[in-house]
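The structure displayed is predicted, hence computed values, not measured ones. Order of the sequence lines fixes the chain letters, A, B, ..., with proteins taken first and strands second; residue numbering starts at 1 for each chain.
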There are 2 protein chains.
Amino acid sequence: MSANLRKQPQGLASAAEVARLAGVSRSAVSRTFTDGASVSAKTREKVLAAAKELNYHVNHLARGISKAESRPVCLLASNMTKPYHGLLLDAITRELQAAGRMAMVINVTADPESAQAALEQALSYRASASVVMSGTPPEAMVSTCIDAGQRVILINRSGGHADADHIRIDYQAAMDDAVFMLKRAGCERLALAGSAKGTPSLMERERLFLEAAAKQGYAPRTFKAPNSNYDDGAQAARALLAGRDRPDGVFCLTDLMACGLIDSARLDFGLKVPTDLNVIGFDNIPQAAWAGYGLTTFAQPYEEIARTVVRIVADETPAQVHSLPTAAQWRQSVLFGPAD
Amino acid sequence: MSANLRKQPQGLASAAEVARLAGVSRSAVSRTFTDGASVSAKTREKVLAAAKELNYHVNHLARGISKAESRPVCLLASNMTKPYHGLLLDAITRELQAAGRMAMVINVTADPESAQAALEQALSYRASASVVMSGTPPEAMVSTCIDAGQRVILINRSGGHADADHIRIDYQAAMDDAVFMLKRAGCERLALAGSAKGTPSLMERERLFLEAAAKQGYAPRTFKAPNSNYDDGAQAARALLAGRDRPDGVFCLTDLMACGLIDSARLDFGLKVPTDLNVIGFDNIPQAAWAGYGLTTFAQPYEEIARTVVRIVADETPAQVHSLPTAAQWRQSVLFGPAD
DNA sequence: CTGAAAGCGCTTACAG
DNA sequence: CTGAAAGCGCTTACAG
């Protein structure tokens, strides 16, 4: 009674109340809700009945204090507004949830220090893992998290942290494919719509495309836009498509850029895709499938990334690099379909 | 020492250790990290120094057991992949974070029972509030949450729950505007690209547009697509633009539909927007600003919604309906600009 | 302003 | 299989 007076007005039953009603010990109700604990069918029955009657829910906050598995996983995300990030966030929250894990999301803004602040938050909530989808946390911060017993999972981030898990995509095959597709479409002058943003995955795609092109005897004209969004693609179009010796095949670092480039090619230059210009993108965002674009692109393995995250969070395996493949998605922005 | 053996290997310091190092009581360190608690500058100093040395972070999980304000807020989201949902999720997580609150996200899939399961999860984590962005939780579930001392905030959901806070958008003015814009552009035959999905906000826009049109003497042809995405817009185009008496102005329930309709109008019917066809959308998603669309639309008040959410979470005010306005966003898909 | 003590809601050796 | 007890890491009246 007097204990009740101290409580905030929040009517959720506690394990103690359930125990009282069921006529068993506190430990018994705790065990009933712990997978694999030893309770007799009869006790379990009584507890379950009482729990149902009192509308009891294990307090995960309290459980998390002593039980690592019921601690949340922190997702450091930004740009949720952009299709690629939305797709990734959707897949990861879905898989985490299916595995019974709770996801806390931290919105990492452009601010360079916010990745650090975000990881500190994750520490405060004793997250069992932090998934870095955006930003580049300082090395020292990653160490702090790992020392605190947390796993740190970097998705498409640069490879500096030895103790963190890295999920990276294997872009080599995709970039070879891209050049092959353009060659088979009869392209003679290639171009690359690149970015000066400096994200590791962007830089890697850029480098590998250029290498693959060189191997096939191409010397692509390159334009580096400031970022990798729609406007950057349009900007690339205006830089690459003006003047003589217009390219007839261009690889865009992202689908968003490809959409901007295609629109500009059509509206500013009166070009038809793919007859005048072959275009390939990257990410396979929903817009790539829109009739206005019909973009041939490469799909990020969103589901596989999500499943890998869950696996890392659940396992005790030492930190390592996880490489995942992409898959080509043919549409109409490149002449001719896939080879048989 | 023996206590340490029981701990899982997680090196984060506790308040007790900080107290020991600083030579003060446990209460003192607790107070140092509680806003507005009474600690002398000297004690605070000592505690802060010790905390820094041990890399101490208040355990929010534990704090949440006794302190309601540091409990997480649950976000029930789905379709994060769609621009509108991404925009909303981004704004809400950003504002919540700025207010020092943690956001847990629950991915509500299409499954009708998952909204209920999601709210039960929120209960387990003792969320101080649940924000329902998708799905329609059963009345009984909402009551359970509220009885548990949790606030339930429904965004653009139907108005059945008396004890929940409702954030709704005032579509009346927008729909009057939409008809006015089309009339001023000289439209003679209006159409509505509607949806059979049955979401409250969709249904309300539909009804209000039709009413506004009737007031101006229009009798819009209506097509109800199954959902409210890109493909649904394309489907609407094929239904509305074929045959004689083609409409010259159409309102699409969502920007996504408008994009699909514009693409189909151009590619399937060879129509030019806005000279052959005036188009208005709703939501003001990033794609609406793309050069290929240049869509005139209405902006959901994403930021205002987010701020309202944090205000509700922080306050003790009784549940109520919060009405927010939209703002017209002129672009090129309707003839003539805004009135002065 | 401060500390000792009781409390929150859970888990988990320990002894039977 | 079961319960009493000690523990997790925090907060907050209470008395000084």
Side-chain angles (χ1 to χ4, degrees), chain A residues 1-20 22-47 51 54 56-71 123-126 148-149, chain B residues 1-20 22-47 51 54 56-71 123-126 148-149:
Chain A
M1 261 306 140
S2 73
N4 264 330
L5 288 175
R6 276 212 39 204
K7 267 206 246 174
Q8 33 267 99
Q10 82 132 18
L12 241 35
S14 72
E17 303 177 61
V18 175
R20 207 173 308 137
V24 299
S25 73
R26 257 177 129 297
S27 327
V29 359
S30 190
R31 286 188 189 106
T32 303
F33 293 102
T34 302
D35 283 344
S38 52
V39 226
S40 69
K42 221 178 86 192
T43 326
R44 153 176 244 101
E45 205 98 319
K46 284 193 290 187
V47 171
L54 295 176
Y56 170 73
H57 295 259
V58 175
N59 183 334
H60 276 67
L61 240 40
R63 171 176 275 184
I65 291 180
S66 21
K67 243 190 148 148
E69 310 85 58
S70 76
R71 293 215 268 261
L123 237 33
S124 292
Y125 278 92
R126 299 301 187 267
Chain B
M1 263 303 141
S2 74
N4 263 330
L5 288 175
R6 277 213 35 206
K7 269 206 249 175
Q8 32 267 99
Q10 81 132 21
L12 243 35
S14 72
E17 302 177 62
V18 175
R20 208 173 308 138
V24 299
S25 73
R26 257 178 128 297
S27 326
V29 359
S30 190
R31 286 188 188 106
T32 303
F33 293 102
T34 303
D35 283 343
S38 52
V39 225
S40 69
K42 220 180 87 193
T43 328
R44 152 176 245 101
E45 205 99 319
K46 283 192 289 185
V47 171
L54 295 176
Y56 170 73
H57 296 259
V58 176
N59 183 335
H60 276 67
L61 239 41
R63 172 176 274 184
I65 292 180
S66 20
K67 242 190 150 149
E69 309 86 58
S70 76
R71 292 215 267 262
L123 237 33
S124 291
Y125 277 92
R126 298 302 187 269

Determine the minimum heavy-atom distance between [X] and [Y], stating which atoms define it.
{"X": "B/S70", "Y": "A/Y125", "result": "O-OH, 3.2 Å"}
{"X": "A/A15", "Y": "A/Y56", "result": "N-CE1, 3.4 Å"}
{"X": "B/A28", "Y": "B/V39", "result": "O-CG1, 4.3 Å"}
{"X": "B/R71", "Y": "B/R126", "result": "CD-O, 2.7 Å"}

Side chain of [X] only, please: which of [options] is the nearest?
{"X": "A/S25", "options": "C/dG3, C/dC10, D/dG3", "answer": "D/dG3"}
{"X": "A/A15", "options": "C/dC10, C/dT2, D/dT2", "answer": "C/dC10"}
{"X": "A/S30", "options": "C/dG9, C/dT2, C/dC10", "answer": "C/dC10"}
{"X": "A/V58", "options": "C/dC10, C/dC8, C/dT2", "answer": "C/dC10"}
{"X": "A/R26", "options": "C/dC10, D/dT11, C/dA4", "answer": "C/dC10"}
{"X": "A/T34", "options": "D/dC1, C/dC8, C/dT11", "answer": "C/dT11"}
{"X": "A/V24", "options": "D/dG3, D/dG9, D/dT11", "answer": "D/dG3"}

Rounding to an integer number of Å, can you tell me how far [X] [atom1] sits from [N] [atom2]?
{"X": "A/F33", "N": "C/dT12", "atom1": "CZ", "atom2": "P", "result": "15 Å"}
{"X": "A/L54", "N": "C/dG9", "atom1": "CG", "atom2": "C1'", "result": "15 Å"}
{"X": "B/L12", "N": "D/dC10", "atom1": "CG", "atom2": "C1'", "result": "14 Å"}
{"X": "B/R71", "N": "D/dC10", "atom1": "CZ", "atom2": "P", "result": "17 Å"}
{"X": "B/R31", "N": "D/dA13", "atom1": "CZ", "atom2": "P", "result": "11 Å"}
{"X": "A/E17", "N": "C/dC8", "atom1": "CD", "atom2": "P", "result": "10 Å"}
{"X": "A/K67", "N": "D/dC8", "atom1": "NZ", "atom2": "P", "result": "17 Å"}
{"X": "B/R20", "N": "D/dG9", "atom1": "CZ", "atom2": "C1'", "result": "13 Å"}

Compare side-chain N and O positions of [X] against OP1 and OP2 of [N] and report whether any pair is under 4.0 Å apart.
{"X": "B/Y56", "N": "D/dC10", "answer": "yes"}
{"X": "A/S14", "N": "C/dC8", "answer": "no"}
{"X": "A/S40", "N": "D/dC1", "answer": "no"}

### Message
For a quick check, tell me whether the side chain of B/R126 and the base of C/dG9 share a donor-acceptor pair closer than 3.5 Å.
### Response
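No such pair is found, so the answer is no.
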
### Query
Taking N and O atoms by type only, does the side chain of B/S27 place a donor or acceptor under 3.5 Å from a partner on the base of C/dA4?
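Under the 3.5 Å cut-off, the side chain and the base do form a donor-acceptor pair.
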
### Message
Pick the closest DNA chain C nucleotide for B/R44 and for B/A62 by heavy atoms, then say which residue is nearer the 5' end.
### Response
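By nearest-heavy-atom nucleotide position, the 5'-most residue is B/R44.
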
### Message
Return the CZ to CD distance between B/R26 and B/E17, rounded to the nearest 0.5 Å.
### Response
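The CZ atom of B/R26 sits 10.0 Å away from the CD atom of B/E17.
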
### Message
Quick check for you: to the nearest 0.5 Å, what is the distance between A/L61 atom CG and A/R63 atom CZ?
### Response
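It comes to 12.5 Å.
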
### Strand partner of D/dA4, provided both Watson-Crick or wobble distances fall under 3.5 Å
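None - no nucleotide pairs with D/dA4, as no candidate has both distances under 3.5 Å.
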
### Query
Paired with D/dA13: which nucleotide, if any, by Watson-Crick or G-U wobble criteria at under 3.5 Å for both distances?
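Its partner is none (no Watson-Crick or G-U wobble pair with both distances under 3.5 Å).
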
